[in-house]
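As structure tokens, the structure follows; a few thoughts come after it.
Worth knowing before you read on, the calculation uses all heavy atoms, side chains too, and leaves out hydrogens, waters and symmetry mates.
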Amino acid sequence: MESNNNKPEIRDEKKTLTLDNAAIEAELLRPGRSWFYQLAVNLLTIVTKLLFFVRVEGKENIPEGACVIMGNHRAWLDPFLLAMCARDREIRFMGKKELWGNKLFAWIAKQVRGVPVDRGNADMASIRMSMTVLKNGHTLGIFPEGTRTKGDGMMPLQGGASLLALRSKCAVVPVYIDGDYKLFHRVTVRVGKPVQMDDLLAGRINKDTCDALTERIKAAFAELSGGRSLMAPVKDKKENCEN
């Protein structure tokens with residue numbers, strides 16, 4: 001039997017999503033406040049307070065100027081609750097790159113000045129954009145688990161968040177969202193004090209210092225959650241934290 005050389009080749013490779021990083025970075029630094037960001041936060045503040053009785057504790061712990069706000073992640077509403085903690089500024093949130101493949105979300109991400117991150121690879125473009133955000137005095141929002149968590153507790157934290165904090169030398173503020181978003185059940189957002197890292201910044205940034213900061217962030221989440229966020233140690237996972 002002769003082979004059919006004209007038969008189209010079947011490929012199992014996933015289509016690679018290519019983003020215009022230069023355009024995204026320009027949006028991150030666009031002057032002025034985003035009308036869409038302000039409108040979304042104002043509307044969601046009203047809705048979440050009516051439906052989930054949202055209460056924010058410790059807003060005074062967020063320092064002035066550039067900082068990294070880290071929160072636990074259970075639902076799509078989480079970024080809005082973190083935004084409610086810092087109404088005096090616009091937080092640039094990091095989100096998985098795949099979301100930019102959706103036209104509607106890509107438009108929303110542009111309006112709120114989101115930072116795409118490739119979770120499966122060492123994403124230098126994302127690191128560069130995040131550092132640009134912080135060096136220009138803005139606030140970066142990160143969910144260090146890397147994805148949404150189902151059930152109680154938190155998943156192990158990713159080391160990349162600690163790397164960004166150490167390289168930028170910006171304060172790290174842990175925020176724990178306590179609640180399951182059940183209608184008419186209270187959701188409490190607890191803002192912790194900045195994680196102490198002066199001693200880590202005094203030395204060289206490497207895997208050990210990244211791991212040490214990650215452990216401190218983990219302890220801060222455990223304190224804010226009353227111990228319910230305690231996580232199992234990461235196994236066989238390496239993060240590139242070399243300076």
> How far apart are the closest heavy atoms of Val191 and Gly58, and which atoms are they?
Replying inline: CB-O, 3.3 Å

> Counting only heavy atoms not in Glu64, do more than 12 fall under 6.0 Å of its CD?
Replying inline: no

>> How close do Pro144 and Phe221 get, counting heavy atoms only, and between which atoms?
In response: CG-CE1, 4.3 Å

> Is there a path of hydrophobic side-chain contacts, each under 4.5 Å between heavy atoms of I, L, V, M, F, W or Y residues, that connects Leu82 with Met155?
Replying inline: no

>> Holding to side-chain contact (heavy atoms from CB on, under 4.5 Å), I want the full list of residues that pass it with Leu224, two or more places apart in sequence or in another chain.
In response: Pro174, Tyr176, Arg190

> Shared ILVMFWY cluster between Val173 and Val41, side chains joined below 4.5 angstrom?
Replying inline: yes

>> Is there a side-chain contact between Arg89 and Ile62 in this structure, where contact means two heavy atoms from C-beta onward sitting under 4.5 Å apart?
In response: yes

>> Using a 3.5 Å distance criterion without hydrogens, assess whether the side chain of Arg128 forms a donor-acceptor pair with backbone atoms of Glu25.
In response: no

> Step by step, would you call Leu19 with Ile24 a side chain to side chain contact (heavy atoms under 4.5 Å, CB included)?
Replying inline: CA-CA 8 Å; Leu19 301 179; Ile24 293 174; 4.1 Å; yes

>> Working note: Asp180 + His185, criterion side chain to side chain contact (heavy atoms under 4.5 Å, CB included); need CA distance, chi angles, decisive distance, verdict.
In response: CA-CA 8 Å; Asp180 296 323; His185 286 71; over 6 Å; no

> Considering all heavy atoms of both residues, which atom of Leu28 and which atom of Gly114 are nearest to each other, and what is their separation?
Replying inline: CD2-O, 3.7 Å

>> Could you tell me if the side chain of Asp198 sits less than 4.5 Å from the side chain of Gln196, heavy atoms only?
In response: yes

> What's the spacing between Leu164 CG and Cys210 SG if we round to 0.5 Å?
Replying inline: 9.5 Å

>> To the closest 0.5 Å, what do you measure between CG (Leu43) and OG1 (Thr48)?
In response: 10.5 Å

> Do you know the tightest heavy-atom contact between Gln38 and Glu90?
Replying inline: NE2-OE2, 3.3 Å

>> Less than 4.5 Å apart, side chain to side chain, heavy atoms only: is that true for Val47 and Phe80?
In response: no

> How long is the span from the CD1 atom in Ile142 to the NE2 atom in His73, to the nearest 0.5 Å?
Replying inline: 12.5 Å

> Taking all atoms of both residues into account, what is the closest heavy-atom pair of Met197 and Ala165, and its distance?
Replying inline: CE-O, 3.8 Å

> Hey, what do you get for NZ (Lys96) to CG (Asp118), rounding to the nearest 0.5 Å?
Replying inline: 12.0 Å

> Given the rule in the side chain to side chain contact (heavy atoms under 4.5 Å, CB included) test, do Phe52 and Leu183 qualify, once you have shown the distances and angles that lead to the verdict?
Replying inline: CA-CA 6 Å; Phe52 307 112; Leu183 288 178; 4.1 Å; yes

> Charged N to carboxylate O under 4.0 angstrom, Asp78 versus Arg74?
Replying inline: no

>> When you measure from the side chain of Arg113 to the backbone of Arg92, do you find a donor-acceptor pair of N or O atoms at a distance under 3.5 Å?
In response: no

>> In this structure, would Ile69 and Met131 fall into the same cluster of hydrophobic residues linked by side-chain contacts under 4.5 Å?
In response: no

> Applying the 4.5 Å side-chain criterion to the ILVMFWY set and letting contacts propagate, would Trp107 and Leu17 be lumped into a single cluster?
Replying inline: no

> With a 4.5 Å limit on heavy-atom distance, are the side chains of Pro63 and Pro194 in contact?
Replying inline: yes

> Taking the side chain as C-beta and beyond, is there a heavy-atom pair between Asn72 and Thr149 under 4.5 Å?
Replying inline: no

> Do Val172 and Ile217 have side-chain heavy atoms sitting under 4.5 Å apart?
Replying inline: yes

>> Is the distance from the ring center of Tyr181 to that of Trp76 below 6.0 Å?
In response: no

>> When you group the ILVMFWY residues by side-chain heavy-atom contacts below 4.5 Å and let the links chain together, are Val175 and Phe143 in the same group?
In response: yes

> Do other residues, nucleotides or ligands put more than 12 heavy atoms under 6.0 Å from the CD atom of Glu223?
Replying inline: no

>> Rounded at 0.5 Å granularity, tell me how far CE in Met154 sits from CD1 in Ile177.
In response: 9.5 Å

> Short question: side chain of Asn206, backbone of Asp208 - any donor-acceptor pair under 3.5 Å?
Replying inline: yes

> Taking Asp199 for the side chain and Ala202 for the main chain, is one N or O donor matched with an acceptor at less than 3.5 Å?
Replying inline: no

> Taking the side chain as C-beta and beyond, is there a heavy-atom pair between Ile127 and Arg167 under 4.5 Å?
Replying inline: yes

> Can you name the nearest heavy-atom pair linking Trp100 to Gly95, along with the distance?
Replying inline: CZ3-O, 3.7 Å

> Say you draw a straight line from OG of Ser34 to NZ of Lys110; how long is it, rounded to the nearest 0.5 Å?
Replying inline: 11.0 Å

> Could you go step by step and tell me if Thr209 and Arg204 meet the side chain to side chain contact (heavy atoms under 4.5 Å, CB included) rule?
Replying inline: CA-CA 8 Å; Thr209 51; Arg204 184 172 180 268; over 6 Å; no

> Is there side-chain contact between Arg87 and Thr45, with at least one heavy-atom pair below 4.5 Å?
Replying inline: yes

